[in-house]
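These notes concern the structure reproduced below.
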Amino acid sequence: MAEFERHEYDVVIIGAGGAGLRAAIEARASGLRTAIICKSLFGKAHTVMAEGGIAASMGNVNSKDNWMVHFRDTMRGGKFQNNWRMAELHAKESPDRVWELETYGALFDRTPEGKISQRNFGGHEYPRLAHVGDRTGLELIRTMQQKIVSLQQEDFAETGDYESRIKVFAELTITEILKTDGKVSGVLGYWRESGEFVVFEAPAVVLATGGIGKSFKVTSNSWEGTGDGHALALKAGGNLMHMEFIQFHPTGMVWPLSVKGILVTESVRGDGGVLRNSEGRRFMFDYIPPVFAKQYADTEEEADRWYTDPDNNRRPPELLPRDEVARAINSEVKAGRGSPHGGVFLDVSTRLAPEVIKARLPSMWHQFKELADVDITKQAMEVGPTCHYVMGGVQVDPDTGAATGVPGLFAAGEVAGGMHGSNRLGGNSLSDLLVFGRRAGVGASEYVSALGSKPKLEQAEIDRALASALAPFKGDSKENAYAVHYELQQMMNDLVGIIRVGAEMREAIEKLEVMKERAKHVSVSGDTKFNPGWHIALDLMNMLLVSEAVAKSAMEREESRGGHTRDDFPTMDPKWRAIHVITSWDGSKVSTERQTLPPMPKELAELFDGEELKKYLLPEELAQLGMGGN
């Protein structure tokens with residue numbers, strides 16, 4: 001069997017984005033030796049794609065904002081599918097996490113009074129997103145990365161070793177979570193450059209691996225987004241939840257084809273940008289759902305007044321939650337009112353002065369000028385939906401981030417499910433990963449501290465994982481991993497994309513079975529030294545597993561809600577509101593089951609208007625809350 005490098009840590013964190021780094025800071029603060037593993041370079045995480053800001057109800061721009069309003073907005077955006085406890089913790093703790101970032105050195109834009117500036121964003125009632133131009137995610141990663149370095153400097157001063165308590169392993173991919181007697185005992189991975197294997201002995205593992213976008217053809221995700229954490233959890237015996245809910249961000253680039261799918265930040269709309277079809281009409285007024293009618297303007301005049309007088313006017317419909325805007329754009333294109341390259345027009349040039357656009361949206365100005373030769377201070381952008389985020393993820397305990405059914409496994413950030421329900425509001429991703437990254441770090445630390453003894457890693461478990469990782473070199477066919485991946489992306493786009501139909505999803509599930517069989521026989525040539533063919537073969541197995549969870553969950557949910565739209569079940573059904581679709585893996589196939597969401601406590605339910613709750617909750621649920629069932 002292959003040789004391997006060996007390390008021993010108290011906590012291993014897989015993923016070096018915002019959630020992973022925040023978890024690492026907390027684990028190290030608890031006195032535990034912590035390893036941070038990143039698939040790519042340290043500092044290059046998908047967190048940087050969250051450009052608009054961090055949602056936190058600090059009330060710096062509008063003093064009416066508070067955690068209760070933020071909680072309400074989050075539940076509305078998720079169509080009440082959210083784990084209410086996660087939404088509550090998130091709303092309450094986000095301001096502290098932002099202020100904490102400032103103590104780490106984050107440089108936020110400021111209000112005239114010197115407070116952290118906050119901007120408008122879709123689905124948020126008040127200006128709530130703390131921001132650094134349109135590069136907030138980059139600033140967050142820069143700040144967290146520097147915090148890790150500063151902690152290492154403190155450790156050096158005390159121990160003489162920069163890596164005595166926290167060490168970063170860059171360009172290393174984890175292929176398997178190892179267990180002993182049902183408990184986590186370590187992980188197996190490989191160095192991407194040398195191909196040499198690495199075993200980490202650790203009683204606690206935190207998944208912070210991000211999303212699954214590379215399973216789809218058009219995506220804002222970079223090459224790392226292959227659903228590794230989702231697949232690792234399933235293979236370790238954990239559950240996934242909400243996998244039917246995929247967020248197609250309404251505004252990705254559509255032209256030129258080489259950059260199709262690259263994100264166009266929601267900040268453009270938050271700062272006044274409007275959506276128009278090929279007829280020049282602001283079409284979003286035609287797509288305001290009844291459940292949001294009270295909050296959104298139905299005329300251009302009122303929408304425009306909102307920017308200067310939000311207390312006496314309703315919000316522009318361009319700032320509806322992302323699922324609503326994406327479906328509207330999709331409908332306009334299908335109706336023949338799209339832009340020349342299959343999108344719609346997003347225009348901020350008629351709303352703001354050129355110098356203001358360059359100051360507020362520097363990345364967008366540069367992105368369109370360099371990649372599409374479009375000057376957004378003078379021209380409209382062409383945009384369309386792009387697979388951006390998965391609301392589904394590992395089923396976890398809301399308070400600790402502990403994965404259901406796998407002692408020693410934790411998850412935070414995009415890889416964890418429940419927080420966002422059926423649709424995520426913009427800006428909630430960065431605050432989510434800060435709040436729950438910290439909580440997963442605390443949860444993992446408390447778990448390790450409470451252990452009487454660490455589970456002993458068994459050689460047989462290591463050998464099994466090594467054999468699985470090397471299997472592509474023993475492939476018995478001419479099947480090519482790149483070809484299967486290309487077909488998977490196209491199939492998911494066509495059959496399990498933004499609009500779904502039962503017959504097409506059944507076809508997708510059948511095709512996935514064929515692809516799984518083909519993937520088993522994929523043949524890779526050469527050896528393990530920097531072998532991209534081997535890398536994609538391993539990633540492909542994860543993507544197939546996650547895609548099966550998505551397709552089967554979407555098939556199970558017979559309604560349309562948030563990021564899950566079915567043409568054959570086009571309306572939201574209250575009977576499905578309290579039902580979570582849970583997926584598990586038995587070693588050969590993904591299975592689904594339904595679990596009932598625990599009822600929201602009365603004190604949280606009372607934050608909503610009774611008439612609004614009637615649009616989401618069943619009469620018996622309302623009766624249990626003492627809010628009437630009629």
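Treat the numbers as computed from the prediction; the structure is a model and nothing was measured.
M515 CE to E479 CD: the interatomic distance, rounded to the nearest 0.5 Å, is 10.0 Å. With rounding to the nearest 0.5 angstrom, the CD atom of E593 is 9.5 Å from the OG1 atom of T583. Here CG of L538 is found 12.0 Å from CD1 of I174. Values are rounded to the nearest 0.5 Å. Separation of atoms CG (L140) and OG (S429) is listed at 9.5 Å; rounding is to 0.5 Å. With values rounded to the nearest 0.5 angstrom, I246 atom CD1 is found 12.5 Å from H388 atom NE2. In this structure, CZ in F368 is found 7.0 Å from CD1 in I376, a value given to the nearest 0.5 Å.
For the pair K44 and E224, the salt-bridge criterion is met [side-chain N within less than 4.0 Å of a carboxylate O]. A salt bridge links K511 with E507; the closest basic N to acidic carboxylate O contact falls under 4.0 Å. Using a cutoff of 4.0 Å between basic side-chain nitrogens and carboxylate oxygens, R192 and E171 are not scored as salt-bridged. Salt-bridge check for E244 with K552: failed, with every basic side-chain N at 4.0 Å or more from each acidic carboxylate O. Between E176 and R464 there is a salt bridge, since at least one side-chain N of the basic residue sits less than 4.0 Å from a carboxylate O of the acidic one. Here E559 does not pair with R566 in a salt bridge; the nearest charged N to carboxylate O distance is not below 4.0 Å. Using a cutoff of 4.0 Å between basic side-chain nitrogens and carboxylate oxygens, K79 and E324 are scored as salt-bridged.
Ring geometry, Y9 versus F200: the interplanar angle falls from 30° to 60°, so the pair is classed tilted.
Counting heavy atoms from C-beta on, the side chains of Q395 and H580 never come closer than 4.5 Å. Residues L234 and L240 have side chains in contact (heavy-atom distance under 4.5 Å, counting atoms from C-beta outward). Counting heavy atoms from C-beta outward, V206 and V12 have side chains that stay 4.5 Å or more apart. Using a 4.5 Å heavy-atom cutoff, the side chains of D134 and W365 are not in contact. Residues F283 and R276 are not in side-chain contact: their nearest non-hydrogen atoms beyond the backbone lie 4.5 Å or more apart. Using a 4.5 Å heavy-atom cutoff, the side chains of V259 and I262 are in contact. Side-chain contact between V264 and V268 is present, with heavy atoms from C-beta onward closer than 4.5 Å. Inter-residue side-chain proximity for F4 and I462 is flagged as met; some heavy-atom pair is nearer than 4.5 Å.
Side-chain N or O atoms of K529 include none that pairs as donor or acceptor with a backbone N or O of E196 at under 3.5 Å. At least one donor-acceptor pair closer than 3.5 Å links the side chain of S560 to the backbone N or O of F569. A distance-only check finds no donor-acceptor pair linking the side chain of N542 to the backbone of T226 [under 3.5 Å]. Between the side chain of E461 and the backbone N or O of K179 there is at least one donor-acceptor pair closer than 3.5 Å. Counting only distance, with no hydrogens or angles, the side chain of R561 and the backbone of W576 share no donor-acceptor pair below 3.5 Å. Side-chain atoms of T386 come within 3.5 Å of backbone atoms of S220 as a donor-acceptor pair (strictly under, hydrogens ignored). Side-chain atoms of N221 do not come within 3.5 Å of backbone N or O of H46 as any donor-acceptor pair. With hydrogens and angles ignored, the 3.5 Å screen pairs a side-chain donor or acceptor of E548 with a backbone N or O of V590. Looking at T592, its side chain never comes within 3.5 Å of a backbone N or O of I582 through a donor-acceptor pair. Looking only at distances, no side-chain donor or acceptor of S591 sits under 3.5 Å from a matching main-chain atom of S584.
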Requested in this report: May I have the step-by-step check of ring pair (Phe, Tyr, Trp, His ring centres under 6.0 Å) for Y389 and F248, ending in yes or no?
Outcome: CA-CA 7 Å; Y389 192 93; F248 290 84; over 10 Å; no

Query raised in the report: Do H420 and F245 pass the ring pair (Phe, Tyr, Trp, His ring centres under 6.0 Å) test, and can you show the C-alpha distance, the side-chain angles, and the key distance before you say yes or no?
Result: CA-CA 10 Å; H420 304 289; F245 298 124; over 10 Å; no

Report task. Could you walk me through whether S588 and D586 pass the side-chain hydrogen bond (donor to acceptor under 3.5 Å, both in side chains) test, one step at a time? Result -> CA-CA 6 Å; S588 62; D586 66 3; 3.1 Å; yes

Query raised in the report: Can you list the steps and then say if T251 with R269 is a side-chain contact (heavy atoms from CB on, under 4.5 Å)?
Result: CA-CA 10 Å; T251 56; R269 287 175 284 133; 4.0 Å; yes

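The list of side-chain hydrogen bond (donor to acceptor under 3.5 Å, both in side chains) pairs with a residue in residues 490-506, not counting sequence neighbours, reads K217-Q490, Q490-D494, R500-H564. Applying the salt bridge (charged side-chain N to carboxylate O under 4.0 Å, His left out) definition to pairs two or more places apart or across chains, those involving residues 227-238 are K39-D228.
No hydrogens or angles considered: nothing links the side chains of R337 and S278 as a donor-acceptor pair under 3.5 Å. A donor-acceptor contact under 3.5 angstrom links the side chains of Q247 and N423, judged on distance only.
Taking all atoms of both residues into account, the shortest heavy-atom contact from C387 to G213 is SG-CA, 4.1 Å. The shortest heavy-atom contact between V390 and G211 is CG1-CA, 4.2 Å. Residue T180 comes nearest to S185 through the heavy atom pair OG1-OG, 3.0 Å, listed as atom of the first residue, atom of the second, then distance.
Remark: E201 pairs with R6 by the side chain to side chain donor-acceptor pair (under 3.5 Å) rule, at least two apart or across chains. Residues satisfying the side chain to side chain contact (heavy atoms under 4.5 Å, CB included) criterion with S267, sequence neighbours excluded, are R119, F121, T265, L361. For the side chain to side chain donor-acceptor pair (under 3.5 Å) test, no residue two or more places apart in sequence or in another chain qualifies with N480. Taking D476 as the reference, nothing meets the salt bridge (charged side-chain N to carboxylate O under 4.0 Å, His left out) condition, with sequence neighbours excluded.
For Y482 and H485, the ring centers sit 6.0 Å or farther from each other. For F197 and W191, the gap between ring centers reaches or exceeds 6.0 Å.
Within 6.0 Å of NE2 in H521 there are more than 12 heavy atoms belonging to other residues, nucleotides or ligands.
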